[in-house]
Asker: 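Sending over a structure as structure tokens; questions will come in a sec.
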Amino acid sequence: MLTPSQVIVLATPVFFGLIAIEWWISLRRGRNAYALADAISSLNLGVLSQTSAVFTKLLTLGIYTAIASHAALWINDAFWLSLPGWLLALVFYDFCYYWLHRMGHEVGALWAAHAVHHQSQAYNLSTALRQTSSGALLGWIFYLPMALAGVPPLVFAVVGLIDLLYQFWVHTEQVKKLGWFDRWFCSPSNHRVHHAVNDRYLDRNYGGIFIFWDRLFGTFKAEDEREPCVYGTRGLLNSWDPLWANTTVYRQLAHDSWHARNWADKLRIWLKPPGWRPADVAQRFPKPAFDLDAHRTLFAPAMSQRLRWFASLQFVVLVAGTSFFLWNADQSPLANNLIWFGVLLTSQWALGAVMQARIGAWMALMLQSGALATATAALGWQEWHWLFKPATMVFTIFYVATYAEFEKGTAQKHSKSAKHWLLAALALSMLGDVFLMLDGLFIPGLVSFLLAHLCYIALFKQNAPWFANRRAMVLIGLIALTMYGYLWQGGLPAELRIPVLAYVGVIATMAAQAWGCYRVQPNRGTLLVALGASFFMLSDSILAINRFVQPLPWSAIWVLSSYYLAQALIVQGSLKRRDSTSSSEEAGSISTGMASPSGLT
């Protein structure tokens, strides 16, 4: 029998086929229903919802099964497996879903999960697939009445899937009102109202399949063609980041709860309706009033044609990888699923970041290749690991080599020098990667990384004196000495004690100098560099402990993930630092020119 994840995989071509038809119809009608970045973002969140469900369904179905098996008030599987039983179970599920959905709009903690589905300012079939990844953490509570009624887990899972699949088609503007159907069922017209932020439409029409729940409990509102629906949430996301989409409301609730002075308010924030804030928090951290007209402005960062093709191809590969993952997830060990989930999650974040121009395409490829290098090392796929490990640094080198901002600004010679030091550090890191993959070349690998760290020190020394942050220097020195002492006591070979001591000294110097740069120039770029240098220390420490003291579980995961994170942070921070320096110099030049008589001519 197919698992729910496999059913979703089989349904995926149908979803994309219907999306293509909706897009074609909208073009024929003269109003394109889709914006590429928004659609990919919504689908990206749908992918994350399904891959994370591989783990959360163990919670939801596990609790449901336990209660249905041990606390059911009426056990009659024969009835529930009959046609009347299936139909009753479907209506029962939709009734429970109505209350889950309604409370998702009336309780802050539940809205934090459900808000993901409403964040898009578009309303089309891709919006239907935009789903939360945290809803299952509390959502199972609302289906306990079905477990107590003795509905078998199989029936519960099937009717739940039917209810979910039904709701796909109602997310469209291409289907107008349907007469009698609108009075009984959730329809496109009814659900458009649900997604609208207009005052008259807000928090209405919660039914999944049946709309008569809303008529019965007073939450129904018909669509008025004289007032078109405006979609999204009150407080726009303005981001393509799937992780931020899933956590932003939780972050706001946690922020308000932390700053509330009254202990009862700290709890109320999570239980009150969305938007409720204690008076003291609202006064200290005011928010602008909701403006419907301003809300009509769509979030749409510019994308070049080349970037659009890159994002599209990336998404196709992501869907293929996700389909393979979901099809095999229920038969795979938990550890393997976690590893591949990490690869997919990294790829999804990189895709969102590159569409928003937070990183470049080469950096996106670097992160994805690094995730694959880490996964293949952990799973023992040696041939693939030999491909992805050097490829990761090749992508990074291309990113730096083609970064245009290095050629801008008044300090062009200084920028070129920084570029050369950064490229040298990356090339030596790639050489070290290759040496460490081969037996018997640990020392050449160590020397390569030692030289790479020296290049990083030269890079960080630019525009900053030696060790400007003395407190950080002392702390990092103590950490380095403690780690070296631990390695010595743990069995560090005598012939390696001096080389390793030199290595520890160099990487500690690199980290201390990076934090010194941050103190002299406190900005986002130098902070990223300092964090990257710290992750480099962490990666090397884990590698040394695993090699010289004792084997660590999942050592390849911890060593490589922290290593690639270190390289990415240093590279991205160095480029951001160049941007900041160039912008400051150009601004200073413009300001000086405008103040002088010659600047006015």
Asker: Assess the residue pair Trp515 and Leu527 against the criterion (side chain to side chain contact (heavy atoms under 4.5 Å, CB included)); give the C-alpha distance rounded to whole Å, side-chain angles, the decisive distance to 0.1 Å, and a yes or no.
Answerer: CA-CA 8 Å; Trp515 282 105; Leu527 176 60; 4.1 Å; yes
Asker: How close do Met366 and Tyr564 get, counting heavy atoms only, and between which atoms?
Answerer: CE-O, 3.6 Å
Asker: So, does Asn328 use its side chain to make a donor-acceptor pair with the main chain of Phe324 at under 3.5 Å?
Answerer: yes
Asker: Starting at OG1 of Thr376, measure out to CG of Leu387 and round the result to the nearest 0.5 Å.
Answerer: 8.5 Å
Asker: Report yes or no: does Ser304 contribute a side-chain atom to a donor-acceptor pair with the main-chain N or O of Leu307 at less than 3.5 Å?
Answerer: yes
Asker: Can you check whether Thr297 reaches Leu236 side chain to side chain, under 4.5 Å on heavy atoms?
Answerer: no
Asker: Please walk me through it: do Trp244 and Leu237 pass side chain to side chain contact (heavy atoms under 4.5 Å, CB included)?
Answerer: CA-CA 9 Å; Trp244 181 243; Leu237 178 66; 3.5 Å; yes
Asker: Where do Ser332 and Asn337 come nearest, in terms of heavy atoms and distance?
Answerer: CB-OD1, 3.4 Å
Asker: Determine whether Val9 and Ser323 make a side-chain contact, defined as any pair of heavy atoms from C-beta on separated by less than 4.5 Å.
Answerer: yes
Asker: Can you tell me if Thr374 uses its side chain to pair, donor with acceptor, with the backbone of Ile557 under 3.5 Å?
Answerer: no
Asker: Once ring-ring contact (aromatic ring centres under 6.0 Å, His included) is applied, do any residues pair with Trp381, and if so which ones, sequence neighbours excluded?
Answerer: Trp340
Asker: Heavy atoms only: give me the nearest Leu48-Ser133 pair and the separation to one decimal.
Answerer: CG-OG, 3.3 Å
Asker: Could you pull out the closest heavy-atom pair between Ile443 and Leu496, with the gap in Å?
Answerer: CD1-CD2, 3.2 Å
Asker: Report yes if the side chains of Ser417 and Trp421 come closer than 4.5 Å at any heavy-atom pair, otherwise no.
Answerer: yes
Asker: Are Leu459 and Ser574 side-chain neighbours, meaning at least one heavy-atom pair lies under 4.5 Å?
Answerer: yes
Asker: Would you sort out whether Gln567 and Ser429 count as a side-chain hydrogen bond (donor to acceptor under 3.5 Å, both in side chains), showing the intermediate values?
Answerer: CA-CA 9 Å; Gln567 295 281 22; Ser429 295; 3.0 Å; yes
Asker: Assess whether atom CZ of Arg284 is packed by more than 12 heavy atoms of other residues, nucleotides or ligands within 6.0 Å.
Answerer: yes
Asker: Measure from the side-chain N and O atoms of Ser448 to the backbone N and O of Leu431, and report whether any donor-acceptor pair falls under 3.5 Å.
Answerer: no
Asker: Roughly how far apart are Ile40 CD1 and Tyr34 OH, rounded to 0.5 Å?
Answerer: 12.5 Å
Asker: Has the side chain of Thr526 got a donor or acceptor atom that lies under 3.5 Å from a matching backbone atom of Asn523?
Answerer: yes
Asker: Check whether any side-chain N or O of Gln572 sits under 3.5 Å from a backbone N or O of Arg358 as a donor-acceptor pair, and report yes or no.
Answerer: yes
Asker: Out of curiosity, Gln348 CD to Trp240 CH2, how far, rounded to the nearest 0.5 Å?
Answerer: 15.5 Å
Asker: How about Phe449 and Tyr563: are their ring centres within less than 6.0 Å of each other?
Answerer: yes
Asker: Is the Phe285 ring parallel, tilted or perpendicular to the His259 ring (thresholds 30°, 60°)?
Answerer: tilted
Asker: Check whether any side-chain N or O of Gln131 sits under 3.5 Å from a backbone N or O of Val47 as a donor-acceptor pair, and report yes or no.
Answerer: no
Asker: Please report the shortest heavy-atom distance between Ala373 and His385, naming the atom on each side.
Answerer: O-ND1, 3.0 Å
Asker: What distance do Ser562 atom OG and Ile542 atom CD1 have between them, rounded to the nearest 0.5 Å?
Answerer: 4.5 Å
Asker: Side-chain contact test, heavy atoms from C-beta onward, threshold under 4.5 Å: evaluate it for Val559 versus Asn546 and give yes or no.
Answerer: no
Asker: Just so I know, are the side chains of Trp466 and Ile457 near enough to count as touching, which here means a heavy-atom distance under 4.5 Å?
Answerer: yes
Asker: At their closest point, which heavy atom of Val343 faces which heavy atom of Leu372, and how far apart are they?
Answerer: CG1-CD2, 3.8 Å
Asker: Table please: side-chain donor-acceptor pairs of residues 481-490 below 3.5 Å, with sequence neighbours left out.
Answerer:
| residue | atom | partner | partner atom | Å |
| --- | --- | --- | --- | --- |
| Thr482 | OG1 | Leu478 | O | 2.8 |
| Tyr484 | OH | Arg497 | O | 2.7 |

Asker: Using the ring-ring contact (aromatic ring centres under 6.0 Å, His included) rule, pick out the option among Tyr399, Phe398, Phe310 that qualifies with Trp362.
Answerer: Phe398
Asker: How long is the span from the OG1 atom in Thr509 to the CG atom in Leu454, to the nearest 0.5 Å?
Answerer: 9.0 Å
Asker: Taking atom CH2 of Trp309 as the centre, report whether more than 12 heavy atoms of other residues, nucleotides or ligands fall under 6.0 Å from it.
Answerer: no
Asker: Hey, are the side chains of Phe299 and Gln119 touching, using non-hydrogen atoms and a 4.5 Å cut-off?
Answerer: no
Asker: Do Leu334 and Phe55 have side chains that get closer than 4.5 Å, going by heavy atoms?
Answerer: yes
Asker: Could you walk me through whether Leu45 and Asn246 pass the side chain to side chain contact (heavy atoms under 4.5 Å, CB included) test, one step at a time?
Answerer: CA-CA 9 Å; Leu45 283 159; Asn246 274 283; 3.3 Å; yes
Asker: Check step by step if side chain to side chain contact (heavy atoms under 4.5 Å, CB included) holds for Phe536 and Ile570.
Answerer: CA-CA 10 Å; Phe536 238 131; Ile570 290 174; 3.8 Å; yes
Asker: Spell out, as yes or no, whether a donor-acceptor pair under 3.5 Å connects the side chain of Lys266 to the backbone of Arg261.
Answerer: no
Asker: Output every pair passing salt bridge (Lys or Arg N to Asp or Glu O under 4.0 Å) with a member in residues 329-345, not counting sequence neighbours, ordered by first then second residue.
Answerer: Lys57-Asp330
Asker: Should the ring pair His114 and His117 be called parallel, tilted or perpendicular, given that the plane angle runs from 0 to 90° and is split at 30 and 60?
Answerer: tilted
Asker: Any chance CD1 of Ile498 has more than 12 other-residue heavy atoms, nucleotides or ligands included, within less than 6.0 Å?
Answerer: no
Asker: Enter the distance from Leu351:CG to Ile359:CD1 here, rounded to the nearest 0.5 Å.
Answerer: 9.0 Å
Asker: Answer yes or no: is there a donor N or O on one side and an acceptor on the other, between the side chain of Ser539 and the main chain of Phe535, under 3.5 Å?
Answerer: no
Asker: So for atom CH2, which belongs to Trp386, do other residues, nucleotides or ligands contribute more than 12 heavy atoms lying within a distance under 6.0 Å?
Answerer: no
Asker: For Trp384, does the CH2 atom sit with more than 12 other heavy atoms under 6.0 Å from it, leaving out its own atoms?
Answerer: no
Asker: Between Gln50 and Thr322, do the side chains contain an N or O donor and an N or O acceptor separated by less than 3.5 Å?
Answerer: no
Asker: Where the side chain of Arg130 meets the backbone of Val116, is there a donor-acceptor pair that is under 3.5 Å apart?
Answerer: yes
Asker: Hey, does the Lys NZ or Arg CZ of Arg547 hover above the aromatic six-ring of Phe442, less than 6.0 Å from the centre and inside 45° of the axis?
Answerer: yes
Asker: Are there more than 12 heavy atoms of other residues, nucleotides or ligands under 6.0 Å from atom CH2 of Trp111?
Answerer: yes
Asker: For atom CZ of Phe315, is the number of surrounding heavy atoms from other residues, nucleotides or ligands below 6.0 Å larger than 12?
Answerer: yes
Asker: Are Ser41 and Asn44 close enough, and set up right, to give a side-chain hydrogen bond (donor to acceptor under 3.5 Å, both in side chains), and what steps lead you there?
Answerer: CA-CA 5 Å; Ser41 179; Asn44 207 12; over 6 Å; no
